[in-house]
Amino acid sequence: MGVDEDTSSAILPDSELGTSAPSLRFSKTCLKNVFSVILLFIYLLLMAVAVFLVYQTISDFREKLKHPVMSVSYKEVSLYDAPGIAFYPGKAQLLSCKHHYYDHILPLINPGQPGEIDCTTQRINYTDPFTNQTMKYALIVQGPRDVKKKELVFLQFHLNGTDQDFNAIDYLLFSSFQEFVNSPEKAEFMKDCESSYSSWKFSGGFRTWVKMSLVKTKEEDGRETVEFKQETSVVNYIDQRTKLRNDQLFFVVFEWKDPFIQTVQDIITANPWNTIALLCGIFLALFKAADFAKLSVKWMIKIRKRHLKRKSQVMNHIS
């Protein structure tokens, strides 16, 4: 009896040691499998994020192509190309026209009487471009050029008695007086100008001071259009002539506002090279993640097979 008890007590530790070793190996294998599954899900999540980034990058690139950004730049000049000023005086008469500098205009001498016309002018008749029936008379005057010396053009018009309640003279500005002079078809040139440019008015009994600025716009097809912006100030004219008259005097001044030509154009901010580089990086990350996921799955299958093999060996050993 004593010998049997000693033998049983010696066998128990061996059996406990044999069963605890597979259990320990199983727990390590289980942890490795769980960790591999977590890693696989993480890389699947990263792949989903990469796919979303690809979609977002392509969408942003297409949006930027559809909606270009307006770019404004300024070019400083000392001399402008002299603009053309087309007046439509109707029954009014040009009394005087002179170039002045540094914003200094001499006092009027004999206002309402013909004075010195020291400007380059041309007169032209052409049909109205909107009706093609009415004949229009235009007086074309060469505008100021030297913006550094603050060159200005001062004109005086006179209109005899009229039955109208309000009197005004229409005018329009076009980009180059020299182009008008060199044009073989001046009537067609003026019709195109009237169709392309806006017209303004200045009233009688006032001195209207017009400060011009030039805006060039580059179109998508490469064409360049020119537009004038104006700032106008009006000062009342105090008529000091002794006799009571039924006529009307018009005074107008044209001057450049500043020496900067504004250029407006649409630019596409989407850079194809940056987009291609970003897409290449994303696709590289996708391939690396897919390769890692494939290796992880293979490793998990290998670990699973090894675990089943060991389990089978243990079961065979026990049996």
Side-chain angles (χ1 to χ4, degrees), residues 79-80 82-123 136-175 177 193-194 197-215 227-260:
L79 289 174
Y80 280 93
I85 309 171
F87 295 97
Y88 301 93
K91 295 180 180 180
Q93 178 188 2
L94 176 65
L95 295 181
S96 64
C97 176
K98 194 170 183 179
H99 290 255
H100 300 272
Y101 295 90
Y102 299 106
D103 292 343
H104 179 66
I105 300 177
L106 297 175
L108 293 173
I109 300 175
N110 297 323
Q113 299 298 321
E116 182 181 5
I117 298 181
D118 188 18
C119 297
T120 304
T121 63
Q122 289 198 18
R123 290 172 169 81
K136 302 190 73 170
Y137 160 68
L139 172 66
I140 315 299
V141 179
Q142 182 178 0
R145 296 186 66 233
D146 198 335
V147 65
K148 293 294 185 181
K149 295 182 180 180
K150 296 185 177 180
E151 179 186 0
L152 57 87
V153 179
F154 176 56
L155 302 98
Q156 178 187 180
F157 290 86
H158 174 261
L159 177 64
N160 281 323
T162 176
D163 55 355
Q164 294 182 0
D165 295 329
F166 303 97
N167 295 316
I169 294 177
D170 295 335
Y171 70 94
L172 67 81
L173 301 169
F174 56 91
S175 58
F177 179 80
C193 286
E194 190 172 351
Y197 296 98
S198 301
S199 62
W200 293 272
K201 298 178 183 288
F202 61 94
S203 300
F206 299 93
R207 186 195 68 186
T208 304
W209 199 300
V210 180
K211 292 193 174 184
M212 308 172 292
S213 58
L214 196 62
V215 180
E227 178 187 2
F228 283 90
K229 290 186 177 180
Q230 300 185 41
E231 291 183 5
T232 305
S233 60
V234 178
V235 178
N236 185 35
Y237 168 66
I238 301 175
D239 194 346
Q240 297 180 348
R241 293 176 295 177
T242 54
K243 295 181 180 180
L244 182 63
R245 299 173 182 269
N246 193 28
D247 60 355
Q248 191 80 54
L249 295 178
F250 301 78
F251 305 94
V252 64
V253 179
F254 291 92
E255 179 188 13
W256 288 108
K257 178 185 175 183
D258 52 47
F260 299 102

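This is a predicted model, so every value here is computed, not measured. In this chain, residues are counted from 1 in sequence order.
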State which residue, out of Val234, Val252, Thr232, fulfils the side chain to side chain contact (heavy atoms under 4.5 Å, CB included) condition with Phe202.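 Single pass found, and it is Val252.
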Nearest non-hydrogen partners of [X] and [Y], listed with the distance:
{"X": "Pro89", "Y": "Tyr137", "value": "CG-CE2, 3.6 Å"}
{"X": "Trp200", "Y": "Leu173", "value": "CZ3-N, 4.3 Å"}
{"X": "Val253", "Y": "Phe154", "value": "CG2-CD1, 3.4 Å"}
{"X": "Pro83", "Y": "Met212", "value": "CG-CE, 4.3 Å"}
{"X": "Glu255", "Y": "Glu151", "value": "CG-O, 3.7 Å"}
{"X": "Gly205", "Y": "Gln248", "value": "N-NE2, 3.2 Å"}

Let me confirm one number: the [atom1]-[atom2] distance from [X] to [Y], rounded to the nearest 0.5 Å.
{"X": "Leu94", "Y": "Ile117", "atom1": "CG", "atom2": "CD1", "value": "4.5 Å"}
{"X": "Asp258", "Y": "Lys211", "atom1": "CG", "atom2": "NZ", "value": "9.5 Å"}
{"X": "Gln93", "Y": "Asn160", "atom1": "CD", "atom2": "CG", "value": "8.0 Å"}
{"X": "Leu95", "Y": "Gln156", "atom1": "CG", "atom2": "CD", "value": "4.5 Å"}
{"X": "Lys150", "Y": "His104", "atom1": "NZ", "atom2": "NE2", "value": "13.5 Å"}
{"X": "Cys97", "Y": "Gln142", "atom1": "SG", "atom2": "CD", "value": "10.0 Å"}

Within the 4.5 Å heavy-atom criterion, are [X] and [Y] side-chain neighbours or not?
{"X": "Thr121", "Y": "Phe87", "answer": "no"}
{"X": "Asn167", "Y": "Phe157", "answer": "no"}
{"X": "Val153", "Y": "Pro144", "answer": "yes"}
{"X": "Asp118", "Y": "His99", "answer": "no"}
{"X": "Phe250", "Y": "Leu155", "answer": "no"}
{"X": "Val235", "Y": "Phe251", "answer": "no"}

Is a side-chain N or O of Arg145 found less than 3.5 angstrom from the main chain of Tyr80, in a donor-acceptor match?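 Flag set: sc Arg145 to bb Tyr80 pair under 3.5 Å.
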Discussion item. So for atom CG, which belongs to Leu106, do other residues, nucleotides or ligands contribute more than 12 heavy atoms lying within a distance under 6.0 Å?
Written reply: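 Yes, the 6.0 Å shell around CG holds more than 12 heavy atoms from other groups.
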key: is_close_aromatic(Tyr171, Phe254), centroid dist under 6.0 Å   =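 Between Phe254 and Tyr171, which both carry aromatic rings, the centre distance is below 6.0 Å.
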